[in-house]
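If you read the sequence from its start, that first residue is 1, and numbering goes on from there.
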Amino acid sequence: MGSTLGVAVVGFGWMGRVHTQAYARVPHHFPGLAVRPELIAVADEVPGRAEEAAEQYGFATAARDWREVAADPRVQAVSVAAPNFLHREIGVAMAEAGKHLWIEKPVGLTAQDARAVADAVTKAGVQGTVGFNYRNAPAVAAARELVAAGEIGTVTHVRIRLFSDYAAHPEGALTWRYERERGGSGVLGDLASHGVDLARFLLGEIASLTADTAVFVPERARPTGATAGHTRSTGGELGPVENEDYVSCLLRFASGARGVLEACRVSVGEQNNYGFEIHGTRGAVSWDFRRMGELGVSRGTSYQDQPVSTLYVGPGHGEYSAFQPGAANSMGYDDLKVIEAYNFLRSVAEGTPYGATLDDAVHSAAALDAMARSAEQGSWVSPAGG
């Protein structure tokens, strides 16, 4: 059975629930894991939310203040799914308390915040995992292997897109997500952070970039009560949207490859349209999150008029076999978070990092900061992600 590991979740909106459900499922999909998570504590500042979570999911303790979790000796590992402006304070405090850390991206508001959490994790000698879940898709793992093996030749260029409509409605409430002080960047931290991680995971380091940003819904109504997710609000006082709805970015990789990254949170008609197309000197590979188990692959020696085939991922690609027995059986978003939980718990059990780390978060945040500087200056800049 293995030993138990006391875990806690701080912040119980939608993502907190996803983390909790991943903890519950991970022993079923990865029975060989050396540790078993035990739900010890949940914390959320919204009155009644932590108590409801404890009753529904079986946490032993519910709290309003995350500091109670940091002080609880039963808790050995913590998921941080609180709003962005709390990530640095909570992440550093949990690491200093000796807790292993599974924290959602973008790990604070700036690269400086991400570095502070990363430094605290390193100093404390604990493990740190970051919520870059899209790299966990077995098809993405397969694409990475194809590229690394030279199946499409030398990579020449890539296009990465992350389009969503979650903020497209003009009645979307002016929550912390749209405020610079509490939300930091807008679509940069929310979606483009995933795009940067995919770019680095698939193609390596980004040498320089130039970006443009825009706000397309400039005002929203302030919410009159507690919010979760992307709540609508009418009748409240209007306030300004302080961070970007849209970003487009040109990338130059250290390898010499070129790239385009585009993300938008107000794209009417687009629901989770996330994916990439990678082109090389002898072929191409493409992926669409909405068809998560498929890869478009073109390879061979024809060059011109070379056909594209569909590869259905299956056992042998990433962690697919932990969920399905044969190719073309569907997986879902929550499965990617189960893989993330597995990597986190395996890191704790073995003392070796698996999956996305705080170092990846620092590099992603540095690229996002560079995008913001570039958009302001109108120039090419180099991320300082080291």
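For Tyr354 and Thr129, the side-chain atoms include no donor-acceptor pair closer than 3.5 Å. Side chains of Arg161 and Asn273: a donor on one and an acceptor on the other come within 3.5 Å. In summary, the side chains of Thr61 and Arg74 do present a donor paired with an acceptor at a separation below 3.5 Å, with no hydrogens or angles considered. Using a 3.5 Å distance cut-off with no hydrogens or angles, the side chains of Ser193 and Ser364 do not pair a donor with an acceptor. The closest side-chain donor-acceptor pair between Glu262 and Ser248, if any, does not fall under 3.5 angstrom. Remark: the Arg17 side chain and the Gln56 side chain contain an N/O donor-acceptor pair separated by less than 3.5 Å. Looking at Gln21 and Tyr57, their side chains do bring a donor and an acceptor atom within 3.5 Å of each other. Side-chain contact, His19 with Glu340: no donor N or O sits under 3.5 Å from an acceptor N or O.
In this structure, the side chain of Ser382 does not engage the main chain of Ser208 through any donor-acceptor pair within 3.5 Å. Here the side chain of Arg177 pairs no donor or acceptor atom with the backbone of Leu174 at under 3.5 angstrom. The main-chain N or O of Thr357 is found under 3.5 Å from a side-chain atom of Asp360 such that the two form a donor-acceptor pair. In this structure a side-chain-to-backbone donor-acceptor pair under 3.5 Å is present from Arg64 to Glu45. Gln127 contributes no side-chain N or O that, together with a main-chain N or O of His100, makes up a donor-acceptor pair within less than 3.5 Å. Gln76 places a side-chain N or O within 3.5 Å of a backbone atom of Gly6 that can act as its donor or acceptor partner. For Tyr320 (side chain) and Gly326 (main-chain N/O), a donor-acceptor pair under 3.5 Å exists by modelled atom type. A side-chain donor-acceptor contact under 3.5 Å links Asp44 to the backbone of Phe12. Arg135 contributes no side-chain N or O that, together with a main-chain N or O of Leu202, makes up a donor-acceptor pair within less than 3.5 Å. With Glu242 contributing its side chain and Arg180 its backbone, the two residues share a donor-acceptor pair below 3.5 Å.
For the atom pair CG of Asp113 and CD of Glu89, the computed distance is 11.0 Å after rounding to the nearest 0.5 Å. In this structure, Arg258 CZ and His157 NE2 are separated by 12.0 Å, a value rounded to the nearest 0.5 Å. The OG1 atom of Thr175 lies 8.5 Å from the CZ atom of Arg220; values are rounded to the nearest 0.5 Å. To the nearest 0.5 Å, atoms OG1 (Thr154) and NE2 (His279) are separated by 15.0 Å. In this structure, CD1 on Ile160 lies 7.5 Å from CG on Leu162, to the nearest 0.5 angstrom. Between the OG atom in Ser267 and the CG atom in Asn272 there is a gap of 11.5 Å [rounded to 0.5 Å].
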### Task
Evaluate the side-chain contact (heavy atoms from CB on, under 4.5 Å) criterion for residues Thr20 and Val7: first the C-alpha distance (whole Å), next the side-chain angles of each, then the deciding distance (0.1 Å), finally the verdict.
CA-CA 9 Å; Thr20 302; Val7 302; over 6 Å; no
### Task
Might you work through the side-chain contact (heavy atoms from CB on, under 4.5 Å) test for Val107 and Leu358, ending with a clear yes or no?
CA-CA 8 Å; Val107 190; Leu358 267 300; 4.0 Å; yes
### Task
Assess whether salt bridge (Lys or Arg N to Asp or Glu O under 4.0 Å) is satisfied between Arg373 and Glu376, documenting all intermediate values.
CA-CA 5 Å; Arg373 292 198 310 273; Glu376 182 178 350; over 6 Å; no
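Thr156 places a side-chain heavy atom less than 4.5 Å from the side chain of Thr281. A 4.5 Å side-chain heavy-atom check between Tyr274 and Ser164 finds at least one atom pair inside the cut-off. When side chains are defined from C-beta on, Val381 counts as touching Ser379, because their heavy atoms get closer than 4.5 Å. At least one side-chain heavy atom of His87 sits less than 4.5 Å from a side-chain heavy atom of Ile103. With contacts defined as side-chain heavy-atom distances shorter than 4.5 Å, the pair Asn84/Pro106 qualifies. Between Val9 and Tyr23, the closest side-chain pair of non-hydrogen atoms falls below 4.5 Å. Contact annotation: the side chain of Ile40 approaches that of Asp72 to within less than 4.5 Å [non-hydrogen atoms, C-beta and beyond]. Between Phe253 and Glu205 there is no side-chain heavy-atom pair separated by less than 4.5 Å.
When Arg25, Gln324, His29 are each tested for a side-chain hydrogen bond (donor to acceptor under 3.5 Å, both in side chains) with Asp335, only one passes: Arg25.
Between Tyr246 and Phe216, the ring planes lie tilted relative to each other; the angle falls in the 30° to 60° range. Note on ring orientation: taking the six-membered ring where Trp is involved, the planes of Trp287 and Phe276 are tilted (angle from 30° to 60°). Using a 30° and 60° split on the angle between ring planes, His194 and Phe132 fall in the perpendicular class, above 60°.
Listed here is the closest heavy atom pair of Gly184 and Asn243: O-ND2, 3.1 Å. Scanning all heavy atoms of the two residues, the minimum distance from Val147 to Ile152 falls at CG2-CD1, 4.2 Å. When all heavy atoms of Ala114 and Ala361 are compared, the pair lying nearest together is CB-O, 4.2 Å. Contact detail for Ser255 and Leu203: the closest heavy-atom pair is OG-O, 4.4 Å. Taking each heavy atom of Pro315 and Ala327 in turn, the nearest pair found is CD-N, 3.9 Å. Summarising the geometry of Ser374 relative to Ala211, their closest heavy-atom pair is OG-N, 2.8 Å, with the distance given to 0.1 Å.
In this structure, the ring of Phe289 has its center less than 6.0 angstrom from the ring center of Tyr134. Tyr333 and Trp14 have their aromatic ring centers within a separation under 6.0 angstrom.
Ion pairing between Arg182 and Glu179 holds under the 4.0 Å rule for side-chain N and carboxylate O. Under the 4.0 Å criterion applied to side-chain N and carboxylate O atoms, Lys105 and Asp190 are assigned as salt-bridge partners.
Judged by a 6.0 Å distance limit and a 45° cone about the ring axis, Arg282 is not positioned over the six-membered ring of Tyr303.
Within a 6.0 Å radius of CD in Gln306, other residues, nucleotides and ligands contribute more than 12 heavy atoms.
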